[in-house]
Amino acid sequence: MGVVVKVSPEWLPPARNLECFLPSAVALSLQISSAEMDSTGQNNLKRNKSEKKLLRKQIKARNTLMRHEGIECVSHTTKSLVVANGGLGNGVNRHQLLRLVEECGLVEALLMPPNKPYSFMKYGSTEEAKKAYDTLNGKEITLEDSNQNVTLYVNFVEKVHWEDIIPISLPPGLMMVEELVSPEEEQKMLESIDWTENEVIQNAQKSLKHRRVKHFGYEFRYDNNNVDKDKPLHGGLPGICSMLLEKCLKQGYIKHKPDQLTINQYEPGQGIPPHIDTHSAFEDEITSLSLGAEIVMDFKHPDGRTVAVMLPQRSLLVMTGESRYLWTHGITPRKFDIVHASERQKVGSVTPDVGDLTLNRRGTRTSFTFRKVRRSPCNCIYPSVCDSQQGHQREEAPSFHDSETEAPKLEQEYVHKVYEEIATHFSSTRHSPWPQIVEFLRTLPKGSIVADIGCGNGKYLGINKDLYMIGCDRSQNLVDICGEKKFQAFVCDALSVPVRNSSCDACISIAVIHHFSTAERRLAAVCELARLLRPGGKALIYVWAMEQEYNKQKSKYLKEKRASKGKEEEINTDVAWGLFCDQTHDNGSQDSACSDQILNDSKDKGGNAKQVINSKLPVHTNRTSFHSQDVLVPWHLKGGTNKKGEYAKVLQLPAGSKELQEFSPVFHRYYHVFCEGELEAACKTLDCIRIQKSYYDQGNWCVVLEKQ
C-alpha cells in the first residue's frame, strides 16, 4: 500500500530552525493581509523565485512569533528588529551574532532570551536597522559551536518588552570559593587518577551511565544510594588530597575532615539527575572541587524555585544546611551551557539577563566530591525529605540503572502483571482524551499512518477518522478491550514493535515510557519510535513529571480533592478537562495513606502488595508531590477482579465499608517520574531525530519529535 502524504508545518520552539516548517506558497499567500501589501508587496509579481520564497518564510516567521510568543512585528521601519532562528535556543552564541549584526551599524542592545530561537537587537538609527533588515534576511550562517547551518529571518518590531531582572540569590547554605587550587595543582590532581588500574575491590571503579567514577575511603553504592559504613576501602583518601583538605579546614571552608571521596569525570553531553545526597549517609558538609572545565549545576527547591549556579574551573562548591538537605542538585546532560557573556560574573548564580547571555561549550570536567560518613541518625529540620526521620531509607530504593537483567523483572511484576489485573477498572477511567494530543492527531494530513505505542484501551485510536491508526499494548486484556471497540490493535512490547522500518507518518507514546525502569530502556523506547517513523514523520511523547507544581500552578493531580466520605463509590473520576485522569493513580475512595496498613496486611487483602515490601521502592502517597523519581504508585482496584459481573456488584458499596475493603486489593505500578529537561536531554542524544516542540501539560513533560 502506498500512501503519499504532506506533513503540515508547525512552529518549532525552543531549539530548532523555522525553515523546515514553512507552509506552501498558496497557504501563505492567504495570510498576507492587505495592510502588508505595501510598496514592496506591489512588486511581488516581478520578484524572482528566491525572493518570493524568502518573503514567504519571513512572513511565516512573523506570524509564528505573534501566535506563539506574542511578539508583534510591524511593516514600517523602526530601530528594533527580531531575528528568528538567531537565538540561544537553536545554537547561536552572542559573540557570533553580535559580530554579524555590528557589520550593519552601531548596536545599542542585543537581547537573547534563554532557550528561545530568536533574539532582539536595537540600532542607533532607522537607516542602520533598514540595512540590517536587507542584509540579514535570508542569510545562512554556520554555527561556530556545531557547524550546523541556520537561516535568519528578520522583522521590525515597535518595542521590546522585557522585565527587569532581579539578581538571583544562591540557595541558603551554599558557598563558592574561586581558584582554590592553582593550575599546576589542578594538573597534578588530574594526572594522579588512574582510570585504567585493576582495582582489587569490586565496583571501586566502574562506568556509571557512560561516565567514569571512582571511590575512595568508602564506596558509594548506587544500588541503595548509601555507603557500607562497616566496610571502608583499603588506603583511605589519596595522599594528594591531604594538603587541599588541610587548607579548607584552616580557611574555615569546612568543619569536619572528610573520609569519603567520589571522583566523577563528565564528558560534554553527560550529566547527573537531580538528587539530594542521602541524609543518613553523610554529615552536613558536602564539597565538590571542579577540575578541567567549568559547568552549570542546577539547584531546585521543593516549591519549584530553581537556581542555575556556575561552577568555575578550579572552584570549590560547599553545600551545608538548606542547600545540602532540602534542595536537589544535578547537571543537565547537554553540550552547551547558557552563561553570562561578560567577564563581570563568572561564578555564582546565572541570572537570566537577556542582555548578557550566551552559549558556552562544555569541556571534560572532573569533580572531586568530599563527604564525611555519618555515624548517627540525621536529625535535621527537614523531616519531609529526611530518610532517618521517615522511619525508612527514602533513598534506599533499588537502582536498576546498572542491571539490565533486573529491570525486566521489575517491569513484569510492577507494570505488566498489574495492568492485566486492573484492565477493566483502568479502562473505565480512560475515556476523556487530552486536548493537546487530540490537536496533534487532528493536524496530521488525511491518510496518515499512525501508530499508538502503548494504546491502552484505545481511546485515541478513533479520534481522527481520516487517519489510518493502529495500536499496540503489552496488556492482552487492554488489547481485547480495543477489539471490542472495533479498533485495530495487537499485543507487543514497546521496545520491539513488529512493524517495518519507516512505515509510519506519525507515532504517539502517551504515559508509557515512564514505566521503563532504566535510562537505557527509556531511551530504547524513544529509538523504537524513531525507527517506525519515515523521514519527516513526527512522534508525540508524554511522560509523568516530577514537578507537579510548575510556574506556581499545581497540576490537576494535586488539586483534585474527592469528597468521598459518606458517598457511594463512583467509577468516573474524570474531570471536564480530562487530562489528569490518565495520571490518576488512586481511583478508589480509600485514602491513599492506608497503603502502609495494606502492606502490613497483604495476606488478607490480596493483590501484589506483599512484593512491595521486598522491592524497597518508596510507595508514593497519592495526591502529593514526589520526593523520589523512582516510585511505586498505588492503584486501589474496585471489585477485586476484572470480570465485569463481579466488578459491577461492588460499585454501590459505601466508601470505607468493610465489604469494600475486602473487595479492593491495592496494586502498585512502577513509575520513573521525569524531571524538567530529562526527556528532552534523552531525545537529543539521538542524531536521527530533532525536537520540534517541548512543553509542560498538567503534570506531564511532553515533546514532539521529527525524524531527520
Side-chain angles (χ1 to χ4, degrees), residues 15 88-89 91 93-95 114-115 145-146 168 170-171 174-181 183 185-187 189-190 193 195 207-214 244 261-277 286-300 306-319 323-324 327-353 356-371 519 675-678 680-682 684-685:
L88 299 174
N93 72 54
R94 173 176 295 273
H95 304 295
N115 302 313
D145 296 319
S146 63
I168 299 176
L170 293 175
L174 189 147
M175 178 177 65
M176 295 294 306
V177 181
E178 294 187 77
E179 296 293 337
L180 181 70
V181 296
E185 291 171 324
E186 173 188 39
Q187 187 63 32
M189 293 185 73
L190 291 173
I193 309 169
W195 295 110
S207 176
L208 182 69
K209 287 189 178 179
H210 312 297
R211 72 175 188 269
R212 294 198 287 188
V213 59
K214 195 175 179 82
L244 171 69
L261 167 64
T262 299
I263 301 177
N264 280 288
Q265 187 178 82
Y266 298 89
E267 297 290 344
Q270 295 178 345
I272 185 170
H275 66 282
I276 299 175
D277 285 59
I286 295 178
T287 60
S288 184
L289 178 65
S290 297
L291 302 178
E294 60 189 6
I295 205 165
V296 171
M297 179 175 283
D298 299 307
F299 287 78
K300 186 167 186 177
T306 59
V307 180
V309 179
M310 169 61 78
L311 309 184
Q313 186 176 349
R314 296 186 295 277
S315 69
L316 182 71
L317 169 72
V318 183
M319 293 184 291
S323 66
R324 180 266 188 267
W327 293 62
T328 63
H329 61 278
I331 297 173
T332 303
R334 57 193 177 208
K335 294 184 178 180
F336 298 90
D337 284 320
I338 295 178
V339 301
H340 291 286
S342 64
E343 296 294 327
R344 61 183 171 84
Q345 188 173 1
K346 288 298 183 182
V347 64
S349 62
V350 180
T351 302
D353 180 0
D356 186 38
L357 292 180
T358 189
L359 297 177
N360 184 55
R361 179 187 286 274
R362 285 185 178 177
T364 300
R365 171 182 175 264
T366 302
S367 66
F368 281 60
T369 301
F370 298 94
R371 308 176 180 94
C675 290
E676 181 175 9
E678 184 179 351
E680 295 173 80
K684 288 178 180 178
T685 63

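Between F299 and V309, the shortest heavy-atom contact is CD1-CG2, 3.7 Å. Closest approach of L311 and S290 over heavy atoms only: CB-OG, 3.8 Å. Nearest heavy atom pair, residue T364 against residue E267, reads OG1-OE1, 2.7 Å. Among all heavy-atom pairs drawn from P333 and G269, the shortest one is CB-O, 3.3 Å. Across every non-hydrogen atom of M176 and S315, the tightest pair is CE-OG, 3.7 Å. Considering all non-hydrogen atoms of both residues, K300 and E676 come closest at NZ-OE1, 4.4 Å.
N360 CG to I338 CD1: the interatomic distance, rounded to the nearest 0.5 Å, is 11.0 Å. How far CD1 of I276 is from CZ of R324: 8.5 Å, rounded to the nearest 0.5 Å. Rounding to the nearest 0.5 Å places CG of N264 at 9.0 Å from OG1 of T366. Between atom CD1 of residue I286 and atom CG of residue L174 there is a gap of 11.5 Å, rounded to the nearest 0.5 Å. A distance of 4.0 Å separates CD1 of I193 from CZ of F368, quoted to the nearest 0.5 Å. Here L317 contributes atom CG and S288 contributes atom OG; the two are 6.0 Å apart, rounded to the nearest 0.5 Å.
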(message) Could you go through T332 and D298, starting from their C-alpha distance and side-chain angles, then the distance that decides it, and tell me whether this counts as side-chain hydrogen bond (donor to acceptor under 3.5 Å, both in side chains)?
(response) CA-CA 7 Å; T332 303; D298 299 307; 2.9 Å; yes

(request) Determine, step by step, whether R334 and K684 satisfy the side chain to side chain contact (heavy atoms under 4.5 Å, CB included) criterion, reporting the C-alpha distance in whole Å, the side-chain angles of both residues, the deciding distance to 0.1 Å, and the verdict. (result) CA-CA 8 Å; R334 57 193 177 208; K684 288 178 180 178; over 6 Å; no

(message) T262 vs F370, test: side chain to side chain contact (heavy atoms under 4.5 Å, CB included). Steps then yes/no.
(response) CA-CA 7 Å; T262 299; F370 298 94; over 6 Å; no

(request) Could you please spell out the steps behind the side chain to side chain contact (heavy atoms under 4.5 Å, CB included) verdict for F336 and V296? (result) CA-CA 9 Å; F336 298 90; V296 171; over 6 Å; no

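Taking the side chain as every heavy atom from C-beta outward, L289 and M189 approach each other to under 4.5 Å. Inter-residue side-chain proximity for E185 and L244 is flagged as unmet; no heavy-atom pair is nearer than 4.5 Å. Side-chain contact between M319 and T287: absent, with no pair of heavy atoms (C-beta onward) separated by less than 4.5 Å. Side-chain contact between Q265 and R365: absent, with no pair of heavy atoms (C-beta onward) separated by less than 4.5 Å.
Judged by distance alone, the side chain of R94 and the main-chain N or O of L357 form a donor-acceptor pair under 3.5 Å. For the pair R362 (side chain) and Q270 (backbone), a donor-acceptor distance under 3.5 Å is present. Panel note: side chain D337, backbone V339; no donor-acceptor pair is recorded below 3.5 Å.
A search for side-chain contact (heavy atoms from CB on, under 4.5 Å) contacts involving E179 returns R314, not counting sequence neighbours. Partners of P274 by side-chain contact (heavy atoms from CB on, under 4.5 Å), not counting sequence neighbours, listed by chain and number: T328, Q629, C675. Applying the salt bridge (Lys or Arg N to Asp or Glu O under 4.0 Å) criterion to R371, with sequence neighbours excluded, gives D277.
Under the side chain to side chain donor-acceptor pair (under 3.5 Å) test applied with Q313, the options E294, E186, E178 reduce to a single match, E186.
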